[in-house]
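Written out below as structure tokens is the structure these notes cover.
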Amino acid sequence: MTRVIIDPLNRIEGHLSIDLEVEQGRVVQSRTRGDMFRGFENLLKGRNPVDANMITQRICGVCPISHGITSSKALESAFGIEPTIKGTIIRNLVLAANFIQSHVVHFYQLSLMDYMDVTAVLDYRGKDATLLNLKGWVEKDIQKKKDRPDSLTAASPFLPRYEGEGLYVSDASLNLRFLSNYLKALEIRMKTHRMVALFGGKVPHAASLLPGGVSQKVTDDNLKEYQSMLKEVKSFIEEEYLVDTAELMKAFPEYRNMGAFNDFLAFGVFEKNGIANDNLFGGGALYGMNRFEKVAYNEITEHLKYARFEDGDPQHPSKGRTVPRPEKEDAYSWAKAPRYRGKPMEVGPVARLMIAYHQNNQAVKPAIDRFLAMSGMTVDSLKSTVGRHATRAIEASILADAIPEWIEAIPMGEPSRNEYMLPDHAEGAGLAEAPRGALGHWIRIRGGVIDSYQLVVPTTWNVSPRDNQGVAGVIEQALEGIPVKDPENPIEPARVVRSFDPCLACAIHTIQGGKEISEFRIS
Ligand code: NFE
Ligand code: MG
């Protein structure tokens, strides 16, 4: 048996390590360890309930909009109010731009380096100024490392990397296409951030999201600017992002059967034309593409046996507690283990798209079918390591298509926000989706302040440790059985884990305070 530890797994959000036992070249056991303790659920206690809106966004810089909207929903449900239609559509515009931003950066900046060969640029003989620029820089940086072997890196962040025979794309033109789009994606990310800021007030943490709707005005100017950036973003998605993920699926056929999971959960998101309960992506629990049910929200629990928190029976989040126990025996992760009807469930773009496919959702299924026809893939292949990347591109294209309809439906003369009154005693739940999957916030208000605030976040579902029955989490199960050809260069598990787009900042959302580690003086 060989023990393979990837610690930390880089190019993800937050701190995660992967601990594998490998026998005869295959993973026989895996553990995902969330390695940091934070504390947001606890620091919300005793505060004005509306603070949750701003504080939960600070859990993460990648999906703050989802936290801002989901906490607004939790507060609305506690306050007994609804958001306005106009406010709901504006939230959709902000959230859709944030989804596209998150998906694009995940594929191009965080994942593609597992597949493309950046050194292919050294053989580039064409005239594209950006590629020539990149080539010059890579050459210079590699030379610098040769001249000064003590320098830490050459051509970072592209190198160093896992090495081995045939690990990376060998086709020169595909490598150049990937590389050029890696650079273009940085521009697209900037544009999508601007789209968020137009109606969110700023990025990454939006100021305009409030219970009852939004505080931002809709004007001809901000609408036009948003629409013009959307046009550029949409052509990038259609001409580059969809094609690149299809090419990835073709180039790495072994990954079309690797890292799959079969049970899916989604809470639903993007109210069509701002109408409550009529979502572009519907919610549900789907088992193996055939058994489907509406989500029974009381069936969500969090297990604590292997998490670094005080033990207790599995609890629904409305009754959940977050009491850190760093030294607890057998505990190996700061992530709790969420379960639905006692089972681990994959959340995220694959879950949303598989549920839509199963429901024959006419706003979503045609886009999936178009991708399958263009790429020659099957729907099952989307539930895989390379397929997960494609589902994000498909989702981005669906959003880019849906946004103009929502804009048409904005009731311009109506208010963006309904008023609210702070209740003394109340409970509420906010249920929506973040780029990485189903997101829930549960609040209890006592004496006008927050008595309890619990979040169950997408990555917590996917990266969960074992539950009280010893059943492994989604990523842990997805890793079991996969090959690891070279334990010194464990690229297969890294690819599988990154395909889930984990964000440990979100998953643990709980700050270790008070301990001085070292002192720095900056002069
Ligand atoms: Ni920090 Fe997040 C998303 C949330 S986590 S990125 O998407 O909620 O899984
Ligand atoms: Mg939590």
Side-chain angles (χ1 to χ4, degrees), residues 12-16 32 34 36-45 52 56-71 73-74 95-96 98-106 110 204-205 265-267 269 281 300-304 307-310 314-324 333-339 345-352 388 391-392 395-396 429-443 452-465 473-475 497-498 500-510:
I12 60 162
E13 315 287 347
H15 308 283
L16 172 70
T32 51
M36 64 180 178
F37 175 62
R38 303 187 76 214
F40 276 80
E41 288 168 335
N42 296 347
L43 65 82
L44 283 161
K45 269 190 198 159
T56 60
Q57 289 193 58
R58 270 72 188 170
I59 287 170
C60 182
V62 186
C63 66
I65 307 305
S66 303
H67 289 297
I69 291 173
T70 308
S71 61
K73 285 176 188 272
L95 186 63
N98 178 248
F99 262 58
I100 298 172
Q101 178 274 137
S102 178
H103 288 355
V104 164
V105 78
H106 174 257
L110 300 181
H205 305 112
L265 181 71
F267 296 163
V269 74
F281 298 108
I300 297 167
T301 53
E302 287 192 300
H303 292 224
L304 300 171
R308 297 186 196 277
F309 297 100
E310 192 169 283
Q315 292 288 359
H316 185 264
S318 63
K319 302 196 179 64
R321 291 176 351 121
T322 303
V323 185
S333 180
W334 284 108
K336 294 178 179 176
R339 294 294 184 262
M345 305 292 274
E346 177 173 348
V347 300
V350 180
R352 288 189 286 260
R388 282 191 189 91
T391 59
R392 291 188 189 90
E395 199 168 76
L431 302 151
E433 294 275 322
R436 288 157 193 76
L439 174 63
H441 287 205
W442 285 264
I443 187 171
S452 163
Y453 203 101
Q454 287 282 314
L455 302 103
V456 183
V457 170
T459 295
T460 324
W461 286 96
N462 290 337
V463 89
S464 97
V474 171
I475 294 180
V497 178
R498 284 201 190 94
F500 284 91
D501 191 3
C503 173
L504 277 292
C506 274
I508 297 169
H509 54 257
T510 349

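Start at 1 and go down the list; that is how both ligands and their atoms are numbered.
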Shortest non-hydrogen contact from R339 to P465?
NH2-O, 3.3 Å
Does a side-chain heavy-atom distance below 4.5 Å link I59 with P64?
no
Mind listing the closest non-hydrogen atom pair of L504 and G34 along with its distance?
CD1-CA, 3.8 Å
Contacting atoms of ligand 1, where contact means under 4.0 angstrom from a heavy atom of P435
7 (O)
Angle at atom 1 (Ni) of ligand 1 between SG of C506 and SG of C60, to 10°?
110°
Cation-pi check, K45 onto Y453 ring (under 6.0 Å, within 45° of axis)
no
Atoms of ligand 1, numbered as shown, that sit under 4.0 Å from any heavy atom of A434:
3 (C), 4 (C), 7 (O), 8 (O)
Answer side chain, backbone, both or neither: which part of T459 comes under 4.0 Å from ligand 1, heavy atoms only.
both
One finds that the ligand 1 atoms under 4.0 Å from a non-hydrogen atom of P458 are 4 (C), 8 (O), 9 (O)
Per-atom contacts, ligand 1 versus V457 - under 4.0 Å to a heavy atom
4 (C), 5 (S), 8 (O), 9 (O)
Below 3.5 Å, N or O to N or O, backbone or side chain included: is there any such pair between S66 and ligand 1?
no
Heavy-atom contacts under 4.0 Å between A505 and ligand 1: side chain, backbone, both, or neither?
neither
Exceeds 12 heavy-atom contacts within 6.0 angstrom, atom NE2 of H15
no
Taking E346 first and then R388, would you say they form a salt bridge - that is, a charged N and a carboxylate O separated by under 4.0 Å?
yes
Metal site the Mg ion (ligand 2): N/O/S of L455 inside 2.8 Å:
yes
From E13 atom CD to H106 atom NE2, the distance as rounded to the nearest 0.5 Å:
8.5 Å
The Mg ion (ligand 2) - name of the N/O/S atom of E41 that sits closest to it
OE2
With the threshold set at under 4.0 angstrom, would you say E13 reaches ligand 1 through any of its heavy atoms?
no
Main-chain N/O of V62 paired with N98 side-chain donor or acceptor, under 3.5 Å
yes
What's the shortest heavy-atom distance between A266 and R352, and which atoms?
CB-CG, 4.3 Å
N/O/S from C63 sitting under 2.8 Å away from atom 1 (Ni) of ligand 1:
no
Going by the atom numbers of ligand 1, which of them fall below 4.0 Å from some non-hydrogen atom of L439?
8 (O)
Would you call the rings of W461 and F267 parallel, tilted or perpendicular, where under 30° means parallel and over 60° means perpendicular?
perpendicular
Where ligand 1 meets C503 - atom numbers and elements under 4.0 angstrom, heavy-atom basis:
1 (Ni), 5 (S), 6 (S)
Which ligand 1 atoms does R436 reach within 4.0 Å, using its non-hydrogen atoms?
3 (C), 5 (S), 6 (S), 7 (O), 9 (O)
I need the atoms of ligand 1 closer than 4.0 Å to a non-hydrogen atom of H67, numbered in the order shown.
4 (C), 8 (O)
